[in-house]
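The structure under discussion appears below in the form of structure tokens.
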Amino acid sequence: MRQIDLSKLKQIINFHPNPIQKEILLNLDRFTIVNSGKRAGKSTLCAYLALRELFLPDKNIWVVGPNHDVASRVWDYLTFWIYKEFNDIFKVNKHEHIIENSVTNSKLVTKTAETESSLLGKGLDLLIVDEASRIDDVIWNKYLQPNLMDYGRGKAVLISNPYGYNWFWEIHQRGLPHNRIENPGFISFSFPTAIEDINGNIIGSNNPSAISVEELQRTKKITPYDIWRVEYLGQFQEGAGTVFKNWEHCIDNTIRIENQDEWFENPNPGHLYYIGVDIAKVEDFTVVCVIDRMTHRLVGFYRVNNVLWEIMRQKVLDISLKYYDAEIILDATGNAGDMFAENLEELSANVDTKFVYTAEKKVMLMDKLAMKMSSQNIRFPAIRQLLKEIQSFTYHMTPSGNLKYGSRAKDDCVNALALACWKLNEEPLGIMMAKDNVFGHKMRSYK
């Protein structure tokens, strides 16, 4: 088959590479690693690379993202071009996310890192990994990289915003100029979205067709600086993307817990407590956290799944009564959460707050927990699942520029702890009372 006319292909799809994209296209290697700020044109470039590969004979191409939304970025560009200009030679299976060229017999499939079994394969000619830094190193080492080894010809393009000093940072280091001799076949690029002068003033955009200088200036004013550095300057940072800082110093290593799923200290007469409850949804766990308002210590923890709601409601009520009718703050999102809260109230449980999640309210909830940890204002034992969720809980910027919190793993424990801390005072009540005894006359006593 004759060689495709790349200039004509770019013209047909109206793809006019910016200077950064041109530099990458001129210097592609077997492993091409691109680290940059968001909206810098990485996905468009990869869509073009995938399309031109589809015009070659018998090529097997994968596009992989950490989730469906990310994997769909390249897919959306491709299907737009195909439906507009090449509908006669391509077959598009929207359900399976497969594109096939009926002339060249080349095929592209989009996949997510959420399902490891779907990443078993062989003989890839081109692998595109979008937001590679947000994919676990096990996925790259065990599933993706081996698919490039057949015949030693598979090529990979890894694109991402930085996400701390993880495996993506390590592989990016291999392709830097001073490391390429020891790592043949690797080349790395790094560039920001916003171009700043030495004083931090924004003087340009590396992708002005997608985001203007004025928009970048507006975004910088409302974005925390550490997020700005990662998301728009493309700078690697220790702990980048993690919501909770300094959490290791909140661990109380004097507490030894035998049962990691159920642990309660005896209630202290005269103390007040909050209980945070995260209700199980489908395969999730129901988690209950008990916080001592006098000391800001986690004094109770319960985690369970596959339990009838009637039993779970009684358990939550029993825990509340155990801690002197402690106030319950629970996740009342959706019909299920709302019904659980109503049923608890029917049992005369002390449901203080029905917390309904929205993107904005979840940010507020987690921000308060993050501040508590950052200032070492709470203490909790080394519960393995809780610590795992704290470490994996991260933030990212959505394409519309909004902050979104979430976790690659489960986050039931973090949610329950955050709910328990939602109404805590800035300082523990015990310390506040010791300072001025303002609350002394309001203390409840229990027999």
If I take atom [atom1] from residue [X] and atom [atom2] from residue [Y], how far apart are they, to the nearest 0.5 angstrom?
X      : Y      : atom1 : atom2 : answer
Trp247 : Leu387 : CH2   : CG    : 5.5 Å
Glu170 : Ile33  : CD    : CD1   : 12.5 Å
Asn206 : Arg39  : CG    : CZ    : 14.0 Å
Leu144 : Lys111 : CG    : NZ    : 10.0 Å
Asn207 : Lys42  : CG    : NZ    : 9.5 Å
Thr104 : Ile89  : OG1   : CD1   : 7.5 Å

(request) Examine the side chains of Asp125 and Asn60 and answer whether a donor and an acceptor come within less than 3.5 Å of each other. (result) no
(message) Does either side chain, that of Ser375 or that of Asn377, offer a donor lying less than 3.5 Å from an acceptor on the other one?
(response) no
Determine yes or no for a side-chain-to-main-chain donor-acceptor pair under 3.5 angstrom, with [X] supplying the side chain and [Y] the backbone.
X      : Y      : result
Trp167 : Ile135 : yes
Ser160 : Ser133 : yes
Ser212 : Pro208 : no
Lys423 : Ile329 : no
Asn101 : Leu54  : yes
Glu389 : Asp412 : yes
Asp278 : Ala416 : no
Lys155 : Arg30  : no
Gln21  : Asn18  : yes
Ser36  : Gly234 : no

Check this for me, if you would: do [X] and [Y] make a salt bridge, where the nitrogen-to-carboxylate-oxygen distance has to be below 4.0 angstrom?
X      : Y      : value
Lys315 : Glu262 : yes
Asp5   : Lys10  : no
Asp292 : Arg297 : no

Could I get the full list of salt bridge (charged side-chain N to carboxylate O under 4.0 Å, His left out) partners for [X], not counting sequence neighbours?
X      : answer
Glu196 : Lys220
Asp261 : Arg303
Lys59  : none
Glu114 : none

(request) State yes or no: are the ring centers of Trp309 and Phe340 separated by less than 6.0 Å? (result) yes
(request) Please identify each residue that fulfils side-chain contact (heavy atoms from CB on, under 4.5 Å) with Ala50, with sequence neighbours left out. (result)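 For Ala50 the side-chain contact (heavy atoms from CB on, under 4.5 Å) partners, ignoring immediate neighbours, are Leu78, Leu108, Ile128.
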(message) With side chain to side chain donor-acceptor pair (under 3.5 Å) as the rule and sequence neighbours excluded, what pairs involving residues 180-195 come up?
(response) Asp29-Arg180, Asn35-Ser190
Surrounding [atom1] of [X] (heavy atoms of other residues, nucleotides or ligands, distance under 6.0 Å), is the total greater than 12?
X      : atom1 : result
Phe80  : CZ    : no
Leu26  : CG    : yes
Lys84  : NZ    : no
Tyr48  : OH    : yes
Gln217 : CD    : yes

(request) Walk me through it: do Tyr163 and Phe168 pass the test ring-ring contact (aromatic ring centres under 6.0 Å, His included)? (result) CA-CA 8 Å; Tyr163 203 55; Phe168 178 74; over 10 Å; no
(request) Assess whether side chain to side chain contact (heavy atoms under 4.5 Å, CB included) is satisfied between Leu419 and Leu365, documenting all intermediate values. (result) CA-CA 7 Å; Leu419 290 166; Leu365 180 71; 4.2 Å; yes
(request) Mind running side chain to side chain contact (heavy atoms under 4.5 Å, CB included) on Phe380 and Ile255 for me, showing each step along the way? (result) CA-CA 9 Å; Phe380 44 80; Ile255 301 174; over 6 Å; no
(message) Run the side-chain hydrogen bond (donor to acceptor under 3.5 Å, both in side chains) test against Thr112 and tell me which residues pass, sequence neighbours left out.
(response) none
(message) Applying side-chain hydrogen bond (donor to acceptor under 3.5 Å, both in side chains), can you list everything that pairs with Gln145, at least two apart in sequence or on another chain?
(response) none
Give the minimum heavy-atom separation between [X] and [Y], together with the two atoms involved.
X      : Y      : value
Leu49  : Leu126 : O-CD2, 4.0 Å
Lys368 : Cys421 : CE-O, 3.4 Å
Cys46  : Val74  : CB-CG2, 4.1 Å

(message) Listing request: all salt bridge (Lys or Arg N to Asp or Glu O under 4.0 Å) pairs with a residue in residues 197-208, at least two apart in sequence or in separate chains.
(response)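 Listed by first then second residue: nothing to list.
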(message) For a side chain to side chain contact (heavy atoms under 4.5 Å, CB included) check, start with the C-alpha distance between Val287 and Asn415, then their side-chain angles and the critical distance, and finish with the verdict.
(response) CA-CA 8 Å; Val287 180; Asn415 287 335; over 6 Å; no
Residue pairs passing the ring-ring contact (aromatic ring centres under 6.0 Å, His included) test where at least one lies in [range], sequence neighbours excluded:
range            : answer
residues 105-129 : none
residues 178-199 : Phe31-Phe186
residues 88-133  : Phe55-Phe90, His68-His97, Trp75-His97

(message) For a salt bridge (Lys or Arg N to Asp or Glu O under 4.0 Å) check, start with the C-alpha distance between Glu116 and Lys142, then their side-chain angles and the critical distance, and finish with the verdict.
(response) CA-CA 10 Å; Glu116 294 179 358; Lys142 186 176 179 180; 5.6 Å; no
(request) Check the angle between the aromatic planes of Trp169 and Phe236 and answer parallel, tilted or perpendicular using the 30° and 60° thresholds. (result) perpendicular
(request) Begin from the C-alpha positions of Arg379 and Leu298 and carry the test side chain to side chain contact (heavy atoms under 4.5 Å, CB included) through to its verdict. (result) CA-CA 6 Å; Arg379 303 283 288 173; Leu298 182 68; over 6 Å; no
